[in-house]
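Working notes for the structure below.
Everything quoted here is computed from the prediction, not taken from an experiment. Numbers restart at 1 for each chain; the letters A, B, ... are given by sequence-line order, proteins then strands.
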2 protein chains.
Amino acid sequence: MPAPVQKRSQRTRARLLAAAEALVERSGFDALRVEEIVLSAGVAKGTFFAHFADKDALMDELIGARLDAHIDALQDLPPPGDVGDLVDRLMPMLTFMSCERYVFDVILRRSGAAAIEEIGPIARTFYRQGEIVIPWIASGPFRKDVPPDVLAEGIQAFAMQVIALRFCALHAAQGIAEPLKRYLSAWLLAPQAR
Amino acid sequence: MPAPVQKRSQRTRARLLAAAEALVERSGFDALRVEEIVLSAGVAKGTFFAHFADKDALMDELIGARLDAHIDALQDLPPPGDVGDLVDRLMPMLTFMSCERYVFDVILRRSGAAAIEEIGPIARTFYRQGEIVIPWIASGPFRKDVPPDVLAEGIQAFAMQVIALRFCALHAAQGIAEPLKRYLSAWLLAPQAR
DNA sequence: ATTTCATATTGACCGCGGTCATCTTTTGGG
DNA sequence: CCCAAAAGATGACCGCGGTCAATATGAAAT
(Lines give C-alpha, C1' and ligand atoms only; values in the text may rest on other atoms or scores of the structure.)
Protein backbone atom coordinates (compact mmCIF):
# COMPACT_ATOMS: atom_id res chain seq x y z
CA MET A 1 0.00 0.00 0.00
CA PRO A 2 2.62 2.58 0.89
CA ALA A 3 3.75 3.43 -2.64
CA PRO A 4 4.51 0.13 -4.42
CA VAL A 5 8.01 0.44 -5.83
CA GLN A 6 8.95 -2.84 -7.49
CA LYS A 7 7.11 -3.83 -10.65
CA ARG A 8 6.68 -7.34 -9.30
CA SER A 9 4.54 -5.81 -6.57
CA GLN A 10 2.45 -3.93 -9.10
CA ARG A 11 1.83 -7.12 -11.05
CA THR A 12 0.77 -8.97 -7.92
CA ARG A 13 -1.62 -6.21 -6.98
CA ALA A 14 -3.06 -6.19 -10.49
CA ARG A 15 -3.53 -9.96 -10.36
CA LEU A 16 -5.36 -9.66 -7.05
CA LEU A 17 -7.67 -6.98 -8.42
CA ALA A 18 -8.33 -8.94 -11.59
CA ALA A 19 -9.08 -12.12 -9.65
CA ALA A 20 -11.43 -10.25 -7.34
CA GLU A 21 -13.18 -8.59 -10.25
CA ALA A 22 -13.72 -11.95 -11.95
CA LEU A 23 -15.10 -13.51 -8.78
CA VAL A 24 -17.46 -10.58 -8.26
CA GLU A 25 -18.61 -10.96 -11.84
CA ARG A 26 -19.46 -14.57 -11.19
CA SER A 27 -21.12 -14.42 -7.80
CA GLY A 28 -21.47 -10.85 -6.58
CA PHE A 29 -19.77 -8.73 -3.95
CA ASP A 30 -21.26 -10.34 -0.88
CA ALA A 31 -19.95 -13.80 -1.73
CA LEU A 32 -16.38 -12.57 -2.23
CA ARG A 33 -13.86 -14.35 0.01
CA VAL A 34 -10.24 -13.33 0.50
CA GLU A 35 -9.20 -16.97 0.39
CA GLU A 36 -10.76 -17.42 -3.04
CA ILE A 37 -9.10 -14.30 -4.35
CA VAL A 38 -5.60 -15.36 -3.32
CA LEU A 39 -6.21 -18.89 -4.55
CA SER A 40 -7.34 -17.61 -7.90
CA ALA A 41 -4.48 -15.10 -8.07
CA GLY A 42 -1.96 -17.74 -7.04
CA VAL A 43 -0.52 -15.89 -4.05
CA ALA A 44 -0.47 -16.43 -0.31
CA LYS A 45 -3.04 -14.93 2.00
CA GLY A 46 -0.56 -12.64 3.67
CA THR A 47 0.27 -11.11 0.32
CA PHE A 48 -3.28 -9.87 0.01
CA PHE A 49 -2.97 -7.93 3.22
CA ALA A 50 0.37 -6.52 2.11
CA HIS A 51 -1.51 -4.86 -0.74
CA PHE A 52 -4.79 -3.95 0.93
CA ALA A 53 -5.17 -2.79 4.51
CA ASP A 54 -8.21 -5.03 4.87
CA LYS A 55 -11.00 -6.52 2.81
CA ASP A 56 -12.91 -3.25 2.94
CA ALA A 57 -10.03 -1.47 1.23
CA LEU A 58 -10.32 -3.84 -1.72
CA MET A 59 -14.07 -3.39 -1.85
CA ASP A 60 -13.48 0.35 -1.79
CA GLU A 61 -11.35 -0.05 -4.90
CA LEU A 62 -13.81 -2.29 -6.74
CA ILE A 63 -16.95 -0.38 -5.83
CA GLY A 64 -15.24 2.99 -6.26
CA ALA A 65 -14.32 2.07 -9.83
CA ARG A 66 -17.93 1.34 -10.70
CA LEU A 67 -19.18 4.50 -9.04
CA ASP A 68 -16.57 6.45 -10.96
CA ALA A 69 -17.87 5.08 -14.22
CA HIS A 70 -21.35 6.30 -13.30
CA ILE A 71 -20.01 9.73 -12.41
CA ASP A 72 -18.12 9.90 -15.70
CA ALA A 73 -21.42 9.51 -17.50
CA LEU A 74 -22.73 12.64 -15.76
CA GLN A 75 -19.84 14.83 -16.79
CA ASP A 76 -20.46 17.58 -19.34
CA LEU A 77 -24.24 17.37 -19.19
CA PRO A 78 -26.28 20.59 -19.09
CA PRO A 79 -28.14 21.34 -15.85
CA PRO A 80 -31.27 19.23 -15.39
CA GLY A 81 -34.53 20.90 -16.24
CA ASP A 82 -36.30 19.87 -13.05
CA VAL A 83 -36.15 17.55 -10.05
CA GLY A 84 -37.38 14.60 -12.07
CA ASP A 85 -34.55 15.06 -14.54
CA LEU A 86 -32.05 15.28 -11.74
CA VAL A 87 -33.24 12.08 -10.10
CA ASP A 88 -33.34 10.25 -13.43
CA ARG A 89 -29.71 11.12 -13.98
CA LEU A 90 -28.68 9.88 -10.57
CA MET A 91 -30.71 6.70 -10.80
CA PRO A 92 -28.13 4.42 -12.49
CA MET A 93 -25.63 5.12 -9.73
CA LEU A 94 -28.22 4.76 -6.98
CA THR A 95 -29.41 1.50 -8.46
CA PHE A 96 -25.90 0.15 -8.30
CA MET A 97 -25.47 1.42 -4.75
CA SER A 98 -28.51 -0.55 -3.71
CA CYS A 99 -27.84 -3.69 -5.73
CA GLU A 100 -26.66 -5.55 -2.61
CA ARG A 101 -27.04 -4.78 1.04
CA TYR A 102 -23.34 -5.47 1.50
CA VAL A 103 -22.39 -2.99 -1.21
CA PHE A 104 -24.42 -0.28 0.46
CA ASP A 105 -22.83 -1.11 3.81
CA VAL A 106 -19.35 -0.73 2.37
CA ILE A 107 -20.32 2.57 0.79
CA LEU A 108 -21.70 3.81 4.09
CA ARG A 109 -18.51 2.87 5.91
CA ARG A 110 -16.25 4.32 3.26
CA SER A 111 -18.15 7.36 2.02
CA GLY A 112 -16.28 9.50 4.51
CA ALA A 113 -12.53 9.74 4.40
CA ALA A 114 -10.74 7.70 7.02
CA ALA A 115 -7.96 10.25 7.17
CA ILE A 116 -7.24 13.53 5.48
CA GLU A 117 -4.32 12.21 3.47
CA GLU A 118 -5.82 8.90 2.50
CA ILE A 119 -9.20 9.46 0.89
CA GLY A 120 -10.46 6.22 -0.60
CA PRO A 121 -12.01 5.80 -4.04
CA ILE A 122 -15.56 5.79 -2.76
CA ALA A 123 -15.08 8.94 -0.72
CA ARG A 124 -13.55 10.53 -3.80
CA THR A 125 -16.60 9.73 -5.91
CA PHE A 126 -18.81 11.49 -3.38
CA TYR A 127 -16.61 14.52 -3.75
CA ARG A 128 -16.71 14.26 -7.54
CA GLN A 129 -20.47 13.98 -7.49
CA GLY A 130 -20.58 17.23 -5.57
CA GLU A 131 -18.37 18.94 -8.12
CA ILE A 132 -20.81 18.00 -10.83
CA VAL A 133 -24.09 18.55 -9.02
CA ILE A 134 -23.26 21.91 -7.44
CA PRO A 135 -23.11 23.76 -10.80
CA TRP A 136 -26.31 22.03 -11.84
CA ILE A 137 -28.04 23.30 -8.75
CA ALA A 138 -26.56 26.75 -9.11
CA SER A 139 -27.73 27.24 -12.68
CA GLY A 140 -30.87 25.15 -12.69
CA PRO A 141 -34.43 26.05 -11.66
CA PHE A 142 -33.85 25.49 -7.96
CA ARG A 143 -34.12 27.55 -4.83
CA LYS A 144 -31.48 30.21 -4.38
CA ASP A 145 -31.86 30.97 -0.70
CA VAL A 146 -29.61 28.04 0.27
CA PRO A 147 -26.05 27.71 -1.06
CA PRO A 148 -25.79 25.10 -3.82
CA ASP A 149 -23.14 23.08 -1.97
CA VAL A 150 -25.50 22.68 0.99
CA LEU A 151 -28.27 21.63 -1.38
CA ALA A 152 -25.91 19.11 -2.97
CA GLU A 153 -25.04 17.61 0.41
CA GLY A 154 -28.73 17.34 1.11
CA ILE A 155 -29.21 15.40 -2.10
CA GLN A 156 -26.67 12.88 -0.91
CA ALA A 157 -28.28 12.66 2.50
CA PHE A 158 -31.71 11.99 1.02
CA ALA A 159 -30.31 9.50 -1.46
CA MET A 160 -28.73 7.50 1.35
CA GLN A 161 -31.94 7.72 3.36
CA VAL A 162 -34.02 6.38 0.50
CA ILE A 163 -31.64 3.50 -0.16
CA ALA A 164 -31.52 2.64 3.51
CA LEU A 165 -35.29 2.57 3.65
CA ARG A 166 -35.41 0.37 0.58
CA PHE A 167 -33.60 -2.35 2.53
CA CYS A 168 -36.41 -2.50 5.05
CA ALA A 169 -39.14 -4.95 4.28
CA LEU A 170 -41.64 -2.20 5.09
CA HIS A 171 -40.43 0.01 2.27
CA ALA A 172 -38.95 -2.48 -0.17
CA ALA A 173 -42.03 -2.42 -2.33
CA GLN A 174 -41.74 1.18 -3.43
CA GLY A 175 -38.67 1.89 -5.49
CA ILE A 176 -36.00 4.49 -5.03
CA ALA A 177 -36.90 7.09 -7.60
CA GLU A 178 -40.37 8.03 -6.42
CA PRO A 179 -39.59 8.66 -2.76
CA LEU A 180 -36.40 10.47 -3.73
CA LYS A 181 -38.33 12.78 -6.06
CA ARG A 182 -40.71 13.58 -3.24
CA TYR A 183 -37.89 14.47 -0.87
CA LEU A 184 -35.97 16.48 -3.39
CA SER A 185 -38.99 18.44 -4.54
CA ALA A 186 -39.35 19.60 -0.97
CA TRP A 187 -35.64 20.18 -0.57
CA LEU A 188 -34.72 21.87 -3.81
CA LEU A 189 -37.71 24.01 -4.65
CA ALA A 190 -38.85 27.21 -3.04
CA PRO A 191 -42.42 26.86 -1.69
CA GLN A 192 -43.98 29.24 -4.19
CA ALA A 193 -42.56 27.23 -7.07
CA ARG A 194 -44.06 23.96 -5.96
CA MET B 1 -36.11 -15.77 20.59
CA PRO B 2 -39.38 -17.31 19.40
CA ALA B 3 -41.47 -16.58 22.49
CA PRO B 4 -39.48 -17.80 25.52
CA VAL B 5 -41.78 -20.03 27.48
CA GLN B 6 -39.92 -21.50 30.42
CA LYS B 7 -38.86 -19.21 33.24
CA ARG B 8 -35.41 -20.80 33.25
CA SER B 9 -35.00 -19.43 29.76
CA GLN B 10 -36.05 -15.97 30.83
CA ARG B 11 -33.53 -16.01 33.67
CA THR B 12 -30.73 -17.06 31.33
CA ARG B 13 -31.61 -14.33 28.92
CA ALA B 14 -31.70 -11.79 31.70
CA ARG B 15 -28.28 -12.97 32.91
CA LEU B 16 -26.85 -12.57 29.43
CA LEU B 17 -28.24 -9.06 29.12
CA ALA B 18 -26.98 -8.09 32.56
CA ALA B 19 -23.53 -9.48 31.86
CA ALA B 20 -23.37 -7.65 28.53
CA GLU B 21 -24.53 -4.42 30.13
CA ALA B 22 -21.85 -4.67 32.79
CA LEU B 23 -19.13 -5.35 30.24
CA VAL B 24 -20.26 -2.40 28.12
CA GLU B 25 -20.19 -0.24 31.22
CA ARG B 26 -16.60 -1.22 31.83
CA SER B 27 -15.11 -1.06 28.34
CA GLY B 28 -17.63 0.20 25.82
CA PHE B 29 -19.66 -1.37 23.04
CA ASP B 30 -16.88 -1.95 20.56
CA ALA B 31 -14.85 -4.09 22.94
CA LEU B 32 -17.78 -6.38 23.72
CA ARG B 33 -17.08 -10.06 22.95
CA VAL B 34 -19.65 -12.83 22.96
CA GLU B 35 -17.16 -15.13 24.68
CA GLU B 36 -16.77 -12.69 27.56
CA ILE B 37 -20.50 -12.33 27.91
CA VAL B 38 -21.15 -16.06 28.19
CA LEU B 39 -18.16 -16.50 30.49
CA SER B 40 -19.44 -13.77 32.77
CA ALA B 41 -23.00 -15.08 32.60
CA GLY B 42 -21.85 -18.65 33.25
CA VAL B 43 -23.45 -20.23 30.21
CA ALA B 44 -22.19 -21.91 27.06
CA LYS B 45 -21.61 -20.04 23.85
CA GLY B 46 -24.37 -21.83 22.03
CA THR B 47 -26.82 -20.65 24.64
CA PHE B 48 -26.15 -17.07 23.66
CA PHE B 49 -27.21 -17.78 20.11
CA ALA B 50 -30.29 -19.58 21.30
CA HIS B 51 -31.39 -16.27 22.81
CA PHE B 52 -30.11 -13.80 20.22
CA ALA B 53 -30.06 -14.38 16.48
CA ASP B 54 -26.59 -12.86 16.32
CA LYS B 55 -24.41 -10.35 18.11
CA ASP B 56 -26.14 -7.50 16.32
CA ALA B 57 -29.45 -8.54 17.83
CA LEU B 58 -27.99 -8.14 21.31
CA MET B 59 -26.51 -4.77 20.41
CA ASP B 60 -29.92 -3.79 19.07
CA GLU B 61 -31.35 -4.56 22.48
CA LEU B 62 -28.67 -2.70 24.44
CA ILE B 63 -28.48 0.34 22.20
CA GLY B 64 -32.24 0.43 21.68
CA ALA B 65 -32.76 0.64 25.43
CA ARG B 66 -30.53 3.69 25.68
CA LEU B 67 -32.17 5.36 22.70
CA ASP B 68 -35.53 4.69 24.27
CA ALA B 69 -34.46 6.48 27.42
CA HIS B 70 -33.54 9.50 25.35
CA ILE B 71 -36.87 9.43 23.54
CA ASP B 72 -38.71 9.17 26.86
CA ALA B 73 -37.11 12.45 27.86
CA LEU B 74 -38.68 14.13 24.84
CA GLN B 75 -42.19 12.99 25.58
CA ASP B 76 -44.74 15.57 26.69
CA LEU B 77 -42.65 18.59 25.77
CA PRO B 78 -44.27 21.53 24.00
CA PRO B 79 -43.22 22.16 20.39
CA PRO B 80 -39.79 23.75 20.05
CA GLY B 81 -39.71 27.49 19.45
CA ASP B 82 -37.26 27.31 16.60
CA VAL B 83 -34.73 25.12 14.81
CA GLY B 84 -32.09 25.73 17.48
CA ASP B 85 -34.48 24.51 20.15
CA LEU B 86 -35.28 21.43 18.12
CA VAL B 87 -31.64 20.52 17.61
CA ASP B 88 -30.82 21.12 21.25
CA ARG B 89 -33.52 18.67 22.25
CA LEU B 90 -32.22 16.01 19.88
CA MET B 91 -28.58 16.51 20.82
CA PRO B 92 -28.37 14.11 23.81
CA MET B 93 -29.59 11.26 21.63
CA LEU B 94 -27.37 12.22 18.71
CA THR B 95 -24.37 12.47 21.01
CA PHE B 96 -24.97 8.94 22.17
CA MET B 97 -25.45 7.75 18.61
CA SER B 98 -22.02 9.09 17.73
CA CYS B 99 -20.21 8.05 20.90
CA GLU B 100 -18.54 5.15 19.08
CA ARG B 101 -18.18 4.40 15.42
CA TYR B 102 -19.36 0.85 16.12
CA VAL B 103 -22.52 2.07 17.82
CA PHE B 104 -23.39 4.21 14.81
CA ASP B 105 -22.72 1.28 12.48
CA VAL B 106 -25.12 -0.92 14.41
CA ILE B 107 -27.74 1.82 14.37
CA LEU B 108 -27.33 2.20 10.61
CA ARG B 109 -27.74 -1.51 10.07
CA ARG B 110 -30.70 -1.81 12.41
CA SER B 111 -32.56 1.45 11.93
CA GLY B 112 -34.72 -0.21 9.31
CA ALA B 113 -36.81 -3.17 10.20
CA ALA B 114 -35.43 -6.49 9.04
CA ALA B 115 -38.93 -7.83 8.52
CA ILE B 116 -42.41 -6.51 8.96
CA GLU B 117 -43.22 -8.71 11.92
CA GLU B 118 -39.92 -8.39 13.72
CA ILE B 119 -39.06 -4.75 14.16
CA GLY B 120 -36.06 -4.40 16.45
CA PRO B 121 -35.74 -1.99 19.36
CA ILE B 122 -33.63 0.48 17.40
CA ALA B 123 -36.03 0.59 14.47
CA ARG B 124 -38.83 1.10 17.00
CA THR B 125 -37.11 4.13 18.49
CA PHE B 126 -36.89 5.71 15.06
CA TYR B 127 -40.61 5.23 14.73
CA ARG B 128 -41.19 6.65 18.22
CA GLN B 129 -39.05 9.65 17.42
CA GLY B 130 -41.28 10.31 14.43
CA GLU B 131 -44.41 10.10 16.56
CA ILE B 132 -43.01 12.81 18.82
CA VAL B 133 -41.42 15.06 16.24
CA ILE B 134 -44.28 15.13 13.72
CA PRO B 135 -46.65 17.00 16.08
CA TRP B 136 -43.84 19.39 16.95
CA ILE B 137 -43.32 20.16 13.31
CA ALA B 138 -47.02 20.46 12.64
CA SER B 139 -47.68 22.97 15.41
CA GLY B 140 -44.32 24.76 15.50
CA PRO B 141 -43.06 27.70 13.42
CA PHE B 142 -42.05 25.58 10.46
CA ARG B 143 -42.91 25.45 6.80
CA LYS B 144 -46.37 24.15 5.98
CA ASP B 145 -45.97 23.37 2.29
CA VAL B 146 -44.46 19.96 3.06
CA PRO B 147 -46.27 17.35 5.18
CA PRO B 148 -44.86 17.14 8.70
CA ASP B 149 -44.08 13.43 8.41
CA VAL B 150 -41.89 14.11 5.37
CA LEU B 151 -40.13 16.88 7.27
CA ALA B 152 -39.60 14.52 10.19
CA GLU B 153 -38.03 11.93 7.92
CA GLY B 154 -35.76 14.63 6.55
CA ILE B 155 -34.63 15.47 10.07
CA GLN B 156 -33.55 11.87 10.54
CA ALA B 157 -31.76 11.85 7.18
CA PHE B 158 -29.82 15.00 8.01
CA ALA B 159 -29.01 13.78 11.49
CA MET B 160 -27.51 10.58 10.08
CA GLN B 161 -25.62 12.59 7.47
CA VAL B 162 -24.10 14.88 10.08
CA ILE B 163 -23.04 12.00 12.31
CA ALA B 164 -21.54 10.15 9.36
CA LEU B 165 -19.55 13.22 8.41
CA ARG B 166 -18.34 13.59 11.97
CA PHE B 167 -16.56 10.25 11.68
CA CYS B 168 -14.43 11.57 8.83
CA ALA B 169 -11.19 13.15 9.81
CA LEU B 170 -12.04 16.05 7.51
CA HIS B 171 -15.13 16.99 9.46
CA ALA B 172 -14.36 15.67 12.91
CA ALA B 173 -13.36 19.08 14.16
CA GLN B 174 -16.78 20.69 13.86
CA GLY B 175 -19.38 19.25 16.13
CA ILE B 176 -22.77 17.85 15.32
CA ALA B 177 -25.08 20.61 16.44
CA GLU B 178 -23.85 23.46 14.25
CA PRO B 179 -23.95 21.67 10.88
CA LEU B 180 -27.28 20.12 11.78
CA LYS B 181 -28.76 23.52 12.56
CA ARG B 182 -27.60 24.77 9.19
CA TYR B 183 -29.22 21.86 7.36
CA LEU B 184 -32.44 22.02 9.30
CA SER B 185 -32.80 25.75 8.89
CA ALA B 186 -32.78 25.18 5.17
CA TRP B 187 -35.06 22.16 5.44
CA LEU B 188 -37.65 23.29 7.94
CA LEU B 189 -38.12 26.96 7.19
CA ALA B 190 -39.81 28.62 4.29
CA PRO B 191 -37.40 30.93 2.45
CA GLN B 192 -39.12 34.14 3.48
CA ALA B 193 -38.83 33.18 7.14
CA ARG B 194 -35.08 32.70 7.04
C1' DA C 1 30.13 -11.60 -9.60
C1' DT C 2 29.31 -11.00 -4.85
C1' DT C 3 27.57 -8.75 -1.03
C1' DT C 4 24.01 -6.12 1.02
C1' DC C 5 19.78 -4.25 2.15
C1' DA C 6 15.18 -2.81 1.32
C1' DT C 7 11.10 -4.80 -0.51
C1' DA C 8 7.86 -8.74 -1.33
C1' DT C 9 6.03 -13.06 -0.26
C1' DT C 10 4.83 -16.93 2.55
C1' DG C 11 1.75 -19.87 5.40
C1' DA C 12 1.07 -21.37 10.03
C1' DC C 13 -1.45 -19.25 13.42
C1' DC C 14 -4.96 -16.42 15.97
C1' DG C 15 -9.49 -14.10 17.32
C1' DC C 16 -14.06 -14.16 17.16
C1' DG C 17 -18.74 -14.80 15.42
C1' DG C 18 -21.72 -18.45 14.52
C1' DT C 19 -23.47 -23.75 14.02
C1' DC C 20 -25.26 -28.14 15.37
C1' DA C 21 -25.53 -32.89 17.02
C1' DT C 22 -25.95 -34.27 21.59
C1' DC C 23 -27.13 -34.16 26.29
C1' DT C 24 -30.07 -32.26 30.28
C1' DT C 25 -34.04 -30.24 32.27
C1' DT C 26 -38.81 -29.06 32.45
C1' DT C 27 -43.50 -29.98 31.62
C1' DG C 28 -47.86 -32.10 31.03
C1' DG C 29 -50.60 -36.50 30.63
C1' DG C 30 -51.70 -41.03 32.46
C1' DC D 1 -45.14 -40.95 40.58
C1' DC D 2 -43.40 -42.10 36.10
C1' DC D 3 -42.46 -41.35 31.46
C1' DA D 4 -42.31 -39.38 26.85
C1' DA D 5 -42.03 -35.17 24.30
C1' DA D 6 -40.76 -30.44 24.12
C1' DA D 7 -37.73 -26.87 25.48
C1' DG D 8 -33.24 -25.46 26.85
C1' DA D 9 -28.18 -25.78 27.39
C1' DT D 10 -23.73 -27.55 25.92
C1' DG D 11 -19.10 -27.26 23.76
C1' DA D 12 -16.46 -29.07 20.05
C1' DC D 13 -16.21 -27.41 15.66
C1' DC D 14 -16.19 -24.34 11.46
C1' DG D 15 -15.58 -20.13 8.35
C1' DC D 16 -13.23 -16.31 7.48
C1' DG D 17 -10.75 -12.02 8.19
C1' DG D 18 -6.45 -10.65 9.75
C1' DT D 19 -1.23 -11.11 11.84
C1' DC D 20 3.67 -11.86 11.87
C1' DA D 21 8.20 -14.00 12.19
C1' DA D 22 10.60 -16.27 8.79
C1' DT D 23 12.03 -16.53 4.04
C1' DA D 24 12.75 -15.28 -0.79
C1' DT D 25 13.57 -11.92 -4.33
C1' DG D 26 14.63 -7.92 -6.45
C1' DA D 27 18.07 -3.88 -7.18
C1' DA D 28 21.94 -0.96 -5.99
C1' DA D 29 26.84 -0.78 -4.40
C1' DT D 30 31.58 -2.63 -4.55
> Taking protein heavy atoms under 4.0 Å as touching, what does nucleotides 9-16 of chain D look like 5' to 3' if B marks base contact, S marks sugar-phosphate-only contact and - marks none?
Replying inline: SBB----S
> Can you name the residues that form a salt bridge (charged side-chain N to carboxylate O under 4.0 Å, His left out) with A:K181, not counting sequence neighbours?
Replying inline: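 Partners of A:K181 under the salt bridge (charged side-chain N to carboxylate O under 4.0 Å, His left out) test: A:D88.
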> With sequence neighbours excluded, what pairs up with B:E178 under the salt bridge (charged side-chain N to carboxylate O under 4.0 Å, His left out) test?
Replying inline: none
Take the protein atom [atom1] of [X] and the nucleotide atom [atom2] of [N], then report the distance between them rounded to whole Å.
X: A:L16; N: C:dT10; atom1: CG; atom2: C1'; answer: 13 Å
X: A:L39; N: D:dG17; atom1: CG; atom2: P; answer: 13 Å
X: A:L58; N: D:dG18; atom1: CG; atom2: C1'; answer: 14 Å
X: A:Q6; N: C:dC5; atom1: CD; atom2: P; answer: 16 Å
X: B:F49; N: C:dG18; atom1: CZ; atom2: P; answer: 5 Å
X: A:K7; N: D:dA27; atom1: NZ; atom2: C1'; answer: 9 Å
X: A:R15; N: C:dT9; atom1: CZ; atom2: C1'; answer: 12 Å
X: B:D54; N: C:dT19; atom1: CG; atom2: P; answer: 8 Å

>> Quick one: does any side-chain atom of B:D60 pair with a main-chain N or O of B:I122 as donor and acceptor, under 3.5 Å?
In response: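 Present.
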> Can you list the residues that meet the ring-ring contact (aromatic ring centres under 6.0 Å, His included) rule with A:F104, with sequence neighbours excluded?
Replying inline: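 ring-ring contact (aromatic ring centres under 6.0 Å, His included) list for A:F104, sorted by chain: A:F167.
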> What residues, two or more places apart in sequence or in another chain, satisfy side-chain hydrogen bond (donor to acceptor under 3.5 Å, both in side chains) together with A:E100?
Replying inline: none
>> Among residues at least two apart in sequence or on other chains, which ones pass side-chain hydrogen bond (donor to acceptor under 3.5 Å, both in side chains) with A:D72?
In response: A:R128
>> What's A:L32 touching, base or sugar-phosphate or nothing? Going by heavy atoms closer than 4.0 Å.
In response: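 Sugar-phosphate contact only.
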